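Please read the structure below before turning to the comments.
Naming convention: chains lettered A, B, ... in sequence-line order (proteins, then strands); numbering from 1 in each chain. Computed from a prediction, not measured in an experiment: that's the story for all the values here.
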Amino acid sequence: MASKSSLLKVILLGDGGVGKSSLMNRYVTNKFDTHLFHTIGVEFLNKDLEVDGHMVTMQIWDTAGQERFRSLRTPFYRGSDCCLLTFSVDDSQSFHNLGNWKKEFIYYADVKEPESFPFVVLGNKVDVTERQVSSEEAKQWCLENGNYSYYETSAKDSTNVASAFEEAVRRVLAMEERGEHLIPTDTVNLHRKPRSGASCC
Amino acid sequence: MTVGYYCHWVLFEHEGVFVHSSTDAVEDQDLLISGYLRVLDKDGETVVEYKPLEDTVDPSNMLCACKDSSSVVEWTQCPSDRSHHVVDQQQQSCETEWDMVNTVSFKRKPYANGEGTSYHTHEKNCWAFSFTAADLRTVTVKTEGWTHLIFCLKDDTTLPTIHFHQGGCKEFMDCLQRCVHLTECPRDKTTFLVSCHNKTLSQSFENLLDDSNYGLVHKLKKDPYVATLGGFSKVTNYIFDAFRGPELEQREMPAEEEVAADILGEIIPGLEINQLEEPGFEVITRVDLGSRPEVQRGEPLSLADWLKYQDKEGRVRKVPELKERIFKGGLCHVVRREAWKFLLGYYTWNSTSEERKSLQRRKTDEYFRMKLQWKSVSEEQERRNSRLRDYKSLIEKDVNRTDRTNKFYEGLENPGLILLHDILMTYCMYDFDLGYVQGMSDLLSPILYVMENEVDAFWCFVNFMDEMHENFEEKMQGMRTQLIQLSTLLRLLDLAFWNYLEAQDSGYLYFCFRWLLIRFKRELHFQDVLRLWEVMWTGLPCQNFHLLVCCAILDSEKQKIMDRHYGFNEILKHINELSMKLDIEEILHKSEAICLQIKNCKDLPCSVSEILGLKAACDKSTLELSDYGILTPPLHTSGELVSNGHGQLSETSSNGYKVAFIS
């Protein structure tokens with residue numbers, strides 16, 4: 001029934017402090033640590049799961065969100081199968097920056113067809129009572145930017161976290177069915193791919 | 001005036017009321033004494049009393065932080081046996097002047113001869129006071145984050161300011177109001193004039209009115225807010241003109257030039273592309289390093305030993321020997337607060353105690369001047385200052401995510417967090433171009449933990465940042481340089497492992513990024529970070545010793561990495577997961593041994609000597625300037641050429657040299 005396990009690279013992007021690491025940890029270890037450090041550099045965790053009969057190993061990449069570290073995180077964008085654009089519903093700035101994160105990803109991941117690339121948008125921290133971004137605003141943005149799936153999550157109380165990651169897998173699988181291929185587990189090469197002519201200086 | 005309360009009515013009682021002080025003449029540290037405030041009815045007379053608790057300080061030996069006031073007069077006088085004291089205006093420390101911007105300071109257990117001793121009850125009792133309500137002239141209520149009260153008695157005595165860090169002020173005032181008559185002072189809404197319902201006190205009330213002018217002047221003197229704001233308005237105007245400089249950084253589509261900032265791309269693929277055009281390179285040959293010597297580490301330096309290195313005026317003598325001892329064993333915790341200031345260069349070794357005191361006074365002033373700058377930014381100004389706003393928002397987020405399991409920073413509203421925040425904000429004023437970059441909170445946290453003093457911690461942090469600055473700059477030049485240097489060292493020490501890493505596309509050692517950016521802060525347990533840092537700050541046994549620390553850790557992990565055939569991802573994951581599993585003494589042992597091993601080597605490549613600052617290892621007289629102005633050392637003529645595993649040239653640069661490896 002289940003086909004051969006595929007490795008699927010998913011990357012979490014978004015402003016500092018929106019909860020990228022917490023979402024990853026909640027999903028992979030089902031834990032929430034209020035004392036978690038902010039991420040320095042790049043980290044990733046693996047998670048095996050089955051979605052619609054497909055065995056998948058999801059490799060979730062988590063990066064430092066500050067602008068200054070752009071040059072350190074962008075090399076890891078390459079080879080991503082899905083990008084989770086993350087903001088915090090209690091931080092409108094993080095919502096307004098979604099577009100920038102999307103641009104940065106498309107540019108550095110060298111996405112061939114940005115229009116069809118699977119993005120999933122996560123509005124995190126819905127457990128917080130004082131929201132700055134409404135569901136409607138967020139949904140509107142998703143609709144206007146490529147009809148992305150939108151999930152309101154809480155890494156703290158686990159709301160929708162698994163659903164959001166599973167949606168990422170479904171989106172990728174849907175792409176695959178349209179002719180794309182998942183990268184087999186043992187030959188991931190995530191970096192040092194030849195740089196495009198435009199980026200050589 | 002002290003009254004026993006055993007057989008009297010307790011009208012009001014509240015614990016968690018604090019008195020701040022500066023008892024420690026040597027270090028001018030603030031002491032924060034927790035106690036309870038009571039209102040008693042003793043034979044129809046209302047008595048207010050404050051008594052310190054037996055154990056107010058955190059029971060653990062770790063020193064604990066508490067909030068300080070914002071605009072209070074510090075109780076600086078040495079406590080005597082009297083139950084209350086007049087604040088001697090002249091004895092106020094210069095920090096008092098800055099109270100309005102000084103949001104937080106520390107309480108701590110004072111050390112007898114620096115050794116941790118319990119805080120004796122009789123010492124604390126010196127801070128107790130009581131008075132009858134009839135003796136009270138005014139009570140001033142101020143709120144800045146929390147509420148504090150200043151009692152002024154009719155004989156012009158001002159009692160230590162009482163801080164309600166845990167609430168209870170309103171209840172106290174309500175109670176007081178039931179006992180005495182309180183009238184708002186017409187010129188200062190925070191001050192209440194006290195008159196007793198008792199007729200015999202009407203005389204006093206009149207006196208009080210007569211004296212109201214004096215009272216106001218007195219109060220103004222004590223309230224530095226007005227004075228400081230006025231005095232520094234010019235400074236702030238100037239500063240905010242400067243802010244208007246650079247516009248909001250472009251978050252637009254990355255332009256082509258920005259790709260140049262792609263560190264990984266630049267260090268590695270870039271090198272492969274450009275290497276042939278680069279003139280002047282050194283060929284590194286395989287060098288026989290010889291065996292790694294055994295090293296012995298020592299005991300941490302005790303306070304008694306530390307003091308032996310000081311002369312009567314407080315100058316530190318025999319500095320090289322002292323540094324050697326610190327390198328070998330580190331410091332006992334009690335010594336750290338003082339010794340770190342020297343190691344970090346805030347104090348110079350040959351300064352006298354007097355000179356250091358005067359330096360501290362100057363630096364206190366300078367610190368609070370900068371603190372006032374961001375503290376006095378209005379919301380409106382902030383709206384027009386995106387850079388400041390961004391720094392602030394990131395600092396707020398990161399402070400809440402730095403060492404929160406450490407007692408010093410744990411819990412909500414911990415004063416340690418406020419200090420961490422304030423110092424980082426002030427650092428933005430100190431170096432607005434750099435501002436705040438993630439990782440800086442990690443560098444500050446241990447320093448603040450050791451210093452327990454906002455001003456000292458700031459200046460020590462400034463000195464540490466001088467060393468780390470390049471790591472955080474826009475182009476992250478420091479990170480590039482270090483990664484390249486580390487690669488050079490690793491290649492010399494362990495070519496096989498280096499080749500393995502290269503083959504896994506990990507030759508640029510990206511996985512060491514976090515180690516280097518914040519000097520192993522996230523890799524070691526907090527106490528071990530303190531040890532590692534003080535050892536590194538001695539500057540011994542060679543320059544860039546932290547790179548040898550990297551080599552030592554990698555040396556311990558290489559077998560696992562190679563045996564398990566880890567690829568790029570697994571190496572990164574493996575190294576990330578070493579965090580908190582490393583043994584500091586083992587690492588220091590090995591790092592020092594590696595250093596000796598390298599020093600013993602006769603044919604050390606110039607590049608390596610340069611990185612480690614080993615003297616005479618590289619005879620510059622034999623260097624020639626190439627047409628491109630790059631120093632070109634002569635080629636080594638013997639020995640096997642070093643392969644980078646890819647059969648191609650790659651080059652690194654260090655200190656102006658171009659170093660190439662040929663396979």
Would you compute the distance between atom [atom1] of [X] and atom [atom2] of [Y] and round it to the nearest 0.5 angstrom?
X        : Y        : atom1 : atom2 : answer
B:Glu474 : A:Arg70  : CD    : CZ    : 8.5 Å
B:Arg522 : A:His38  : CZ    : NE2   : 4.5 Å
B:Leu517 : A:Ile40  : CG    : CD1   : 5.5 Å
A:Ser21  : B:Arg401 : OG    : CZ    : 7.5 Å
B:Arg514 : A:Phe37  : CZ    : CZ    : 9.5 Å

Might you confirm whether atom NZ of A:Lys47 has over 12 heavy atoms from other residues, nucleotides or ligands at distances under 6.0 Å?
yes
A quick test of your reading: do over 12 heavy atoms of other residues, nucleotides or ligands sit less than 6.0 Å from NZ of A:Lys102?
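It does: A:Lys102 NZ has more than 12 such atoms within range.
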Side chain, backbone, both or neither: which part of A:Leu36 has an atom under 4.5 Å from a heavy atom of chain B?
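Just the backbone, heavy atoms under 4.5 Å.
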Tell me, side chain or backbone of [X] under 4.5 Å from chain A's heavy atoms, or both, or neither?
X        : answer
B:Ile575 : neither
B:Ser441 : side chain
B:Asp403 : both
B:Glu396 : neither
B:Asn576 : side chain

Worked verdict on A:His35 versus B:Asn406 for side chain to side chain contact (heavy atoms under 4.5 Å, CB included)
CA-CA 10 Å; A:His35 302 310; B:Asn406 185 317; over 6 Å; no
Top of B:Thr405, B:Leu572, B:Asp398 for chain A proximity - count of heavy-atom pairs under 4.5 angstrom:
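Top option by heavy-atom pairs under 4.5 Å: B:Asp398.
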Side chains of A:Thr34 and B:Arg404, heavy atoms from C-beta outward: is any pair under 4.5 Å?
no
For the residue pair A:Gln66 and B:Tyr436, what are the closest heavy atoms and their distance?
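Heavy atoms only, the tightest pair is NE2-O, 3.0 Å.
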Of all the heavy-atom pairs spanning A:Asn46 and B:Lys573, show the shortest one and how long it is.
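It is ND2-CE, 4.4 Å.
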Between B:Lys397 and A:Asp91 (salt bridge meaning N to carboxylate O under 4.0 Å), is one present in this structure?
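Salt bridge between B:Lys397 and A:Asp91, a charged N being under 4.0 Å from a carboxylate O: yes.
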Which class fits the ring pair B:Phe568 and A:Phe76: parallel under 30°, tilted 30 to 60°, perpendicular over 60°?
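Because their plane-to-plane angle lies in the 30° to 60° range, the rings of B:Phe568 and A:Phe76 count as tilted.
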